[in-house]
Amino acid sequence: MDANTVLAEQFGNVEMLQACEQCGCCASACPVTGKDDFNVRRLVRYIEMDMAREAADSGRQWTCTTCGRCETVCPNGIAVLDIIRPLRVLSPEELLPPEGPPPCASACPAGIDVPGYLRLIARGKPEEACAVVLEKVPFPGILGRICMHPCETACRRGEVNQPIAVCSLKRYAADKAGDVFQRNTKVAESTGKKVAVVGSGPAGLTAAFYLRKKGHDVTVFEARPKPGGMMRYGIPSYRLPEEILDREIDQVLGIGIELETGRKIGRDMDLDSLRKDFDAVFLGTGLQESRKIDLEGAEGEDVLWGVEFLSDVTEGRDVGLKDRVLVVGGGNVAVDVALTALRTGAQEVVMACLEKREEMPANDWEIEQAVEEGVRLMPAWGPGRILREGDRVTGVELVQCTSVFDDQGGFCPAFGDLKETVDADQVILAVGQSADLSFVEGSDLKLERGLLPVDEETLETGVSGVYAGGDVGRGPGAVIDAVAAGRKAACAIDRFLGGTGDIDETLAERADTSGYDGKRERGFADEPRVVTPALPVAERHQGFDEVDLCFSDEQAVQEASRCLQCDLELCLIQEARGKQ
């Protein structure tokens with residue numbers, strides 16, 4: 001079947017192109033004009049000149065988002081997408097997108113079927129949507145609040161106007177889910193094998209969850225009084241309410257996982273004893289301490305460390321904040337420290353970091369929240385020394401940072417001659433995290449750069465039957481990364497214990513997509529992202545009430561309906577190619 005036949009018989013009437021005036025309205029309205037040399041008007045012209053094969057060979061048809069804005073503005077009503085899609089059908093094999101999930105799902109470290117649960121929400125089925133999320137992660141409500149959502153960065157809707165609010169929709173589904181977790185969680189018959197999980201953070205609890213579902217007996221050892229790791233002791237409750245954390249952790253433990261709190265490895269037991277008593281061991285101890293730096297004036301009162309400060313607030317200790325606080329650091333922990341300081345007594349908070357504003361490692365939306373709540377940012381400034389009068393902190397001398405990284409991208413800050421003094425009563429240093437790996441001494445485990453090196457595929461350490469994952473294995477990361485590590489470790493440990501290593505499951509039927517034809521309703525491309533409801537700024541510093549709130553049913557359906565259905569678009573093409 002030649003190109004013109006495909007165009008004419010499968011995807012529309014080519015004669016309509018005779019109405020094209022080459023006015024350029026389509027290209028002017030197209031959100032991706034110029035990207036990869038894409039110009040929809042040029043492609044239309046190619047078809048008009050019987051050059052469909054040349055157009056298809058260019059590969060530019062794949063730059064199109066199929067949002068339909070071009071059709072909305074065309075004065076003669078040309079169905080432009082009925083040109084783009086046939087060109088995709090005619091694409092040479094080497095230009096076809098790789099097989100697999102669409103960009104959003106590919107970007108998710110845990111491999112959640114993002115379009116699958118968005119479609120269910122769009123059809124008013126949040127419980128089924130939550131079940132889809134539960135196929136890959138045991139913490140939908142937690143992740144719906146704190147995930148870094150790399151899926152949104154990859155979302156092609158962002159090329160049209162704004163990406164889909166995937167994270168907020170996950171939270172909506174979780175909040176509406178009822179007893180979906182209990183109804184969809186089944187534990188296999190006992191294998192008689194025992195696994196020790198050290199650390200009850202997201203990596204440890206995820207590994208424990210999937211190993212228990214495979215029928216293994218699992219005991220989780222936690223050094224602190226309550227489970228959760230840095231989800232509990234490092235993430236403030238205005239981001240992750242304690243009741244949500246407790247509910248989802250209790251659900252995980254409730255499938256028959258034994259929890260022993262107040263049990264610290266290296267103090268209450270050692271690795272050798274665990275290896276004798278258990279068939280396999282997973283180490284998920286995380287990065288529970290602040291990384292320390294040498295700084296003149298840091299010794300003494302009124303200099304605090306970020307991770308310990310957040311932990312003290314969580315545990316209800318009196319942190320005794322004074323009026324003026326300077327936070328040093330530019331990451332998410334530093335932002336959490338600054339916003340927590342405003343909720344625990346500080347009147348003024350300044351946040352200084354080495355990086356320029358666009359280089360700051362904290363999430364953009366968290367930085368914006370900090371500014372919104374009154375934190376004063378001082379990017380591109382590093383701490384020179386803490387100033388004191390006697391024992392009392394009076395300020396910090398900052399030095400201008402001219403660059404943070406060397407030509408190879410390595411951390412190598414350079415400083416200029418410019419200095420500035422900021423008045424402060426207290427300083428909180430939040431410049432990184434480190435692990436307490438004192439338990440490694442005397443064992444066969446090896447350390448590299450303060451972490452436990454592991455096999456990338458299995459997460460096994462150099463010691464047989466001992467695995468490690470999460471931050472302690474790869475350094476600081478997001479909760480979703482730790483959950484993905486827990487899944488990977490569970491697969492490897494199950495195989496080590498004689499199982500299949502298969503933890504994949506289907507918990508919900510997907511929405512029926514057999515009738516998808518790719519037609520876009522007028523105005524679809526211009527539908528803006530629904531703004532996530534939030535607590536008014538004026539009310540935030542009165543306590544630790546949750547800041548980001550839940551979508552209403554109407555808002556959730558509206559937002560989920562903005563999805564471009566990238567996976568279904570590819571299905572259309574594959575189906576049409578199969579008919580050639």
Side-chain angles (χ1 to χ4, degrees), residues 110 130-131 133-146 174-175 177-191 193-235 237 240-265 268-269 274 277-286 288 314-315 467 469-470 479-480 482-487 489-491 493-494 497 503 505 507:
C130 186
V133 177
L134 285 169
E135 293 174 356
K136 296 295 185 180
V137 300
F139 305 116
I142 292 172
L143 289 169
R145 288 165 166 82
I146 63 172
D175 285 4
D179 63 349
V180 166
F181 184 97
Q182 291 79 3
R183 287 190 279 114
N184 286 279
T185 303
K186 296 178 176 60
V187 176
E189 291 185 9
S190 175
T191 64
K193 301 292 186 179
K194 298 192 301 180
V195 182
V197 173
V198 182
S200 66
L205 288 176
T206 300
F209 177 71
Y210 289 109
L211 287 167
R212 179 65 193 129
K213 290 186 72 175
K214 295 292 286 185
H216 308 303
D217 293 330
V218 182
T219 301
V220 176
F221 297 95
E222 170 56 49
R224 298 198 189 216
K226 294 183 178 182
M230 294 307 288
M231 291 192 298
R232 183 181 300 278
Y233 295 101
I235 299 177
S237 58
L240 177 56
E242 188 175 19
E243 59 268 25
I244 302 299
L245 184 68
D246 286 340
R247 183 184 73 199
E248 297 203 339
I249 290 177
D250 288 346
Q251 287 177 165
V252 167
L253 296 175
I255 68 171
I257 297 169
E258 184 176 347
L259 172 68
E260 295 189 17
T261 57
R263 299 289 306 279
K264 182 177 181 180
I265 189 170
D268 304 300
M269 69 278 193
L274 290 175
D277 295 338
F278 294 87
D279 298 294
V281 177
F282 177 76
L283 301 172
T285 52
Q288 302 279 345
T314 296
E315 295 184 291
Y467 301 76
V479 170
I480 187 63
V483 169
R487 282 184 59 88
C491 293
I493 293 172
D494 182 55
L497 297 177
I503 62 173
E505 54 190 342
L507 302 178

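In this chain, residues are counted from 1 in sequence order.
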Derivation of the side-chain contact (heavy atoms from CB on, under 4.5 Å) call for I480 and V137: CA-CA 9 Å; I480 187 63; V137 300; 4.2 Å; yes

Assess whether side-chain contact (heavy atoms from CB on, under 4.5 Å) is satisfied between D268 and F221, documenting all intermediate values. CA-CA 10 Å; D268 304 300; F221 297 95; over 6 Å; no

Please lay out, stage by stage, how I257 and V197 fare under the test side-chain contact (heavy atoms from CB on, under 4.5 Å). CA-CA 10 Å; I257 297 169; V197 173; over 6 Å; no

I142 vs L245, side-chain contact (heavy atoms from CB on, under 4.5 Å): CA-CA, chis, key distance, verdict: CA-CA 7 Å; I142 292 172; L245 184 68; 3.7 Å; yes

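In this structure the side chain of D277 never reaches within 4.5 angstrom of the side chain of T219, judged on heavy atoms. The shortest distance between side-chain heavy atoms of P227 and L259 falls below 4.5 Å. No side-chain heavy atom of C491 sits under 4.5 Å from any side-chain heavy atom of Y210. Using a 4.5 Å heavy-atom threshold, the side chains of R212 and D217 count as touching.
With values rounded to the nearest 0.5 angstrom, L497 atom CG is found 6.0 Å from D279 atom CG. K193 contributes atom NZ, which lies 11.0 Å from atom CG of D494 (distance to the nearest 0.5 angstrom). The CG atom of N184 sits 9.0 Å away from the CG atom of D179 when rounded to the nearest 0.5 Å. E243 CD to D250 CG: the interatomic distance, rounded to the nearest 0.5 Å, is 12.5 Å. Atom CZ of R232 is separated from atom CZ of R224 by 10.5 Å, given to the nearest 0.5 angstrom. To the nearest 0.5 angstrom, L211 atom CG is 10.5 Å from T206 atom OG1.
Evaluation of the side-chain hydrogen bond (donor to acceptor under 3.5 Å, both in side chains) test over residues 135-146, restricted to residues two or more places apart or in two chains, returns E135-R510, K136-D504, R145-D175, R145-E546.
With hydrogens and angles disregarded, no donor-acceptor distance shorter than 3.5 Å links the side chain of K213 to the backbone of I503.
Across all non-hydrogen atoms, the minimal contact from S200 to L205 is O-CD1, 3.2 Å. Closest approach of Y233 and K226 over heavy atoms only: OH-N, 3.3 Å. Minimum interatomic distance between A489 and F282 (heavy atoms only, all atoms of both residues): CB-CE1, 3.4 Å. The nearest pair of heavy atoms linking H216 to T191 is ND1-OG1, 2.7 Å. Scanning both residues, Y467 and I493, for their nearest heavy atoms gives CD1-CG1, 3.5 Å. V133 approaches P140 most closely through the heavy-atom pair CG1-CB, 3.9 Å.
E248 is linked by a side chain to side chain donor-acceptor pair (under 3.5 Å) to nothing, counting only residues two or more places apart in sequence or in another chain. By the ring pair (Phe, Tyr, Trp, His ring centres under 6.0 Å) test, F209 is found to be paired with F181, residues two or more places apart in sequence or in another chain being considered.
Enclosure of atom CD in E189 is not indicated, since only 12 or fewer non-hydrogen atoms of other residues, nucleotides or ligands lie within 6.0 angstrom.
With salt bridges taken as basic N to acidic carboxylate O contacts below 4.0 Å, none links E505 and K186.
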